[in-house]
Number of protein chains: 2
Amino acid sequence: MATLKDVARLAGVSVKTVSNVVNGYSFVKADNRRRVEEALEATGYRPNLGARNLRRGRTGFIALVLPELSIPYFAELAGLVIAAAQEHEWNVLIEQTFGTLAGERSALASLGPHLVDAAILSPEALQVDDFQLSVPAVLLGEHAIDVPISRVGIDNVAAAQTAVRHLISLGHQRIAAIGAHPHRGTAALRLEGYRAALAEASLPFVDELVVPALNYHRADGAAAMKSLLDLRNPPDAVFCFNDLLAIGAMRAAAERFVRVPQDLAVVGFDNNEESVYSSPSLTSVAPDKGAIARAAVDLLHRRAESRDSALEDVETPFSLQVRESTVAR
Amino acid sequence: MATLKDVARLAGVSVKTVSNVVNGYSFVKADNRRRVEEALEATGYRPNLGARNLRRGRTGFIALVLPELSIPYFAELAGLVIAAAQEHEWNVLIEQTFGTLAGERSALASLGPHLVDAAILSPEALQVDDFQLSVPAVLLGEHAIDVPISRVGIDNVAAAQTAVRHLISLGHQRIAAIGAHPHRGTAALRLEGYRAALAEASLPFVDELVVPALNYHRADGAAAMKSLLDLRNPPDAVFCFNDLLAIGAMRAAAERFVRVPQDLAVVGFDNNEESVYSSPSLTSVAPDKGAIARAAVDLLHRRAESRDSALEDVETPFSLQVRESTVAR
DNA sequence: CATCGTTGTTCCAACGATGTAAAGACCGAG
DNA sequence: CTCGGTCTTTACATCGTTGGAACAACGATG
């Protein structure tokens with residue numbers, strides 16, 4: 001691998017002159033510039049990023065800490081973050097926490113200015129004490145707890161309310177919710193939106209219709225749905241806090257020969273590609289994932305450049321995608 | 001951020017002694033070792049990986065070049081690769097190519113010993129000339145073309161044959177295939193397995209039943225299925241070259257009120273989590289993704305350590321997961 | 001007490017890049 | 001022909017780490 005030294009020797013100039021050419025410094029004599037450029041070409045020189053960053057005091061990486069890549073929402077988001085980071089010459093390091101406190105702690109511990117310039121976090125279990133970050137960071141989703149970190153995400157209350165209003169507007173009266181969670185900030189807000197929508201339609205809030213889910217996987221949605229179908233008086237609609245739960249719920253319904261949407265309307269959250277092709281296709285709250293990824297990366301870029309540290313709270317748009325799980329073809 | 005120098009000053013020893021303690025060098029006096037360890041603790045020292053790797057001549061990263069994270073197979077695989085890489089103290093850099101030649105070329109160009117120690121590639125369009133790699137690499141899937149690079153993957157011919165045999169054993173005679181592709185190596189092999197299974201059952205190979213798919217997304221599967229259902233004599237079973245195609249195909253069938261599996265049996269490939277929860281659930285060829293990830297990373301580790309460069313071809317196991325899309329409950 | 005081998009520590013150079021300061025080349029003005 | 005100012009290039013130090021050689025301390029040996 002060619003280094004600046006090799007190029008310099010070939011071009012017959014000093015190392016620094018080559019460095020100047022590489023970095024676009026203006027005052028290089030045309031003749032030398034040409035010779036250096038030829039030498040660069042001939043050796044196929046590529047800068048050693050490690051060395052450059054060591055000298056510059058940056059690493060060229062940002063961390064993306066998320067629960068699991070096998071969850072479609074995070075996989076899609078990761079893809080978008082990688083694309084957005086590229087525009088700022090950042091490479092993305094993905095850390096999986098599997099939603100556990102231990103996993104999140106170890107991911108955070110491994111972060112530091114020597115490894116990454118900044119971090120994007122999607123935490124699920126972290127405590128206040130854990131946020132002793134040494135690099136600029138941004139939270140995706142919600143503040144489960146009150147920590148001084150910027151945030152990017154949608155208005156979860158409004159989004160949930162929109163989803164449940166949709167169910168109410170279709171005439172549903174006994175609407176369940178799947179995905180309550182003791183620690184997850186988004187879960188609390190979506191529940192709040194659910195409550196608000198019921199309240200404004202003067203529908204009662206029924207405890208037994210709110211089912212918790214510890215993980216947001218398909219299996220959890222299926223289990224929750226089964227318990228709902230076992231009720232003396234099962235719901236006629238269900239709002240799931242993410243699409244995977246909804247997919248699991250629809251699966252459980254199908255196994256009991258409960259028809260969606262005739263017997264049971266289902267709304268999800270995240271608008272995974274999977275939900276467009278399921279049978280029936282799934283009505284879902286669609287956050288603008290591209291906007292989230294871009295906003296998060298841009299925010300970190302500003303913070304990494306200027307050392308100011310104003311907290312920001314960026315709200316990204318969402319929409320409701322209505323499909324067959326609430327309105328039959 | 002504390003450096004070795006800070007720790008050394010605090011402990012009252014030289015930088016090198018601290019380095020020796022950090023790296024587990026045996027001959028350090030107990031007394032000094034204790035003082036250094038206390039100083040390490042007190043300063044919260046974490047080695048600067050960039051500097052360490054610069055000195056050691058490695059980067060601590062491997063690249064994972066794949067089409068797109070939003071494709072579940074690659075998302076799951078990426079998660080497993082990250083986990084496997086952790087055991088060798090490697091961080092994973094994910095590059096998305098979006099299946100285009102340009103994307104793959106630019107990903108490859110950005111690779112080099114200054115950035116990564118090794119690379120795992122899942123190419124779809126690359127040409128022979130492109131494989132001028134300067135780091136150890138391994139291909140996932142198949143050699144589309146004849147290049148001297150190690151490979152890890154399943155026996156695609158046998159896997160496809162197993163899938164189609166399954167359909168034949170259920171009495172299907174008119175079996176379609178979705179996913180033929182002009183350049184993709186795996187596509188050719190899966191088609192070969194399909195052909196072999198037909199041949200051994202003395203079933204005719206019918207051209208119109210083999211449908212190409214340029215991308216392997218759900219939409220492509222749906223489009224292909226529609227064209228098959230438009231045939232004068234449509235198939236009674238279909239083998240899709242991946243699960244996304246199969247999901248799209250089942251969706252298209254449902255829209256035409258074609259029942260799966262009664263009117264049409266469907267087999268996929270990849271065994272995505274999504275396929276377990278679809279309605280009907282999808283019979284699929286299940287490659288052992290964990291084994292693939294581990295084998296690829298381990299192979300690269302061996303190659304990065306010892307400079308020998310024997311080509312390896314690692315075959316990982318697969319199985320057929322039979323579900324409702326071929327056998328009704 | 002000189003010598004030796006073992007153990008423990010330090011100093012120096014190097015990895016590849018860039019910022020700083022100083023030196024060299026060149027120009028026109030006085 | 002010197003001076004002062006702009007270009008242009010260079011030498012050097014530096015980022016944080018580690019390998020190697022040098023050095024120092026030590027008890028054991030002859």
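For the numbers below, each heavy atom of this structure counts, side chains included, while hydrogens, waters and symmetry mates do not. Lettering of chains follows the sequences in order, A, B, ..., and the numbering in each one begins at 1.
In this structure, of D:dT10, C:dT18, C:dG16, it is C:dT18 that holds the atom nearest to the side chain of A:L4. Which of C:dA17, D:dT18, D:dC15 sits closest to the side chain of B:N23 comes down to D:dT18. Relative to the side chain of A:Y25, the nucleotides D:dT8, C:dG8, C:dC11 differ in distance, and D:dT8 lies closest.
Remark: the A:R55 side chain and the D:dT14 base include a donor-acceptor N/O pair separated by less than 3.5 Å. For B:K16 against D:dG19, a side-chain-to-base donor-acceptor contact under 3.5 Å is present.
Within 4.0 Å of A:K29, counting heavy atoms only, lie sugar-phosphate atoms of the nucleic acid but no base atom. Note on A:V22: nothing from the nucleic acid sits closer than 4.0 angstrom, heavy atoms only. Residue contacts shown for B:N53 are absent, as no nucleic acid heavy atom lies under 4.0 Å away. If you check every strand for non-hydrogen atoms under 4.0 Å, B:T3 touches sugar and phosphate atoms only.
Nucleotide D:dC15 holds its C1' atom 16 Å from the CZ atom of B:R52, rounded to whole Å. Between B:L115 atom CG and C:dC15 atom C1' there is a gap of 17 Å when expressed in whole angstrom units. Spacing between atom CZ of B:F27 and atom C1' of C:dG5 amounts to 12 Å, rounded to whole angstrom units. Following rounding to the nearest Å, A:R58 (CZ) and C:dT18 (P) show an atom-to-atom distance of 12 Å. A:K5 has its NZ atom 9 Å from the C1' atom of C:dG16, to the nearest Å. The CG-C1' distance, from B:N20 to C:dC11, rounds to 13 Å in whole Å. Rounded to a whole Å, the CZ atom of A:R35 is 15 Å from the P atom of D:dT8. Distance B:D6 CG to D:dG16 C1': 10 Å, rounded to the nearest Å.
Side-chain N/O atoms of B:N53 and B:T59 include no donor and acceptor closer than 3.5 Å.
The aromatic rings of B:F61 and A:F61 sit parallel to each other, their planes meeting at less than 30°, with 60° as the upper class boundary.
Remark: B:S26 is not in phosphate contact with C:dT7, judged by side-chain N or O atoms under 4.0 Å from OP1 or OP2. Between B:R56 and D:dT18 there is a side-chain polar atom (N or O) within less than 4.0 angstrom of OP1 or OP2. Proximity of A:S19 to the phosphate of C:dA17: no side-chain N or O atom is located under 4.0 Å from OP1 or OP2. Under 4.0 angstrom from either OP1 or OP2 of D:dT10 there lies at least one side-chain N or O belonging to A:T17.
Using a 4.0 Å cut-off between a side-chain N of Lys or Arg and a carboxylate O of Asp or Glu, A:R294 and A:E87 do not qualify as a salt bridge.
Side-chain N or O atoms of B:R35 include one that pairs as donor or acceptor with a backbone N or O of B:A11 at under 3.5 Å.
Using N1 to N3 plus N6-O4 or O6-N4 for Watson-Crick, or N1-O2 and O6-N3 for G-U wobble, each under 3.5 Å, C:dG24 pairs with D:dC7. Of all nucleotides present, only C:dA2 satisfies the Watson-Crick or G-U wobble test against D:dT29, with each distance under 3.5 Å.
Side-chain rings of B:Y73 and B:Y216 stay apart, their centers remaining 6.0 Å or farther from each other.
Residues A:V116 and A:E95 are not in side-chain contact: their nearest non-hydrogen atoms beyond the backbone lie 4.5 Å or more apart.
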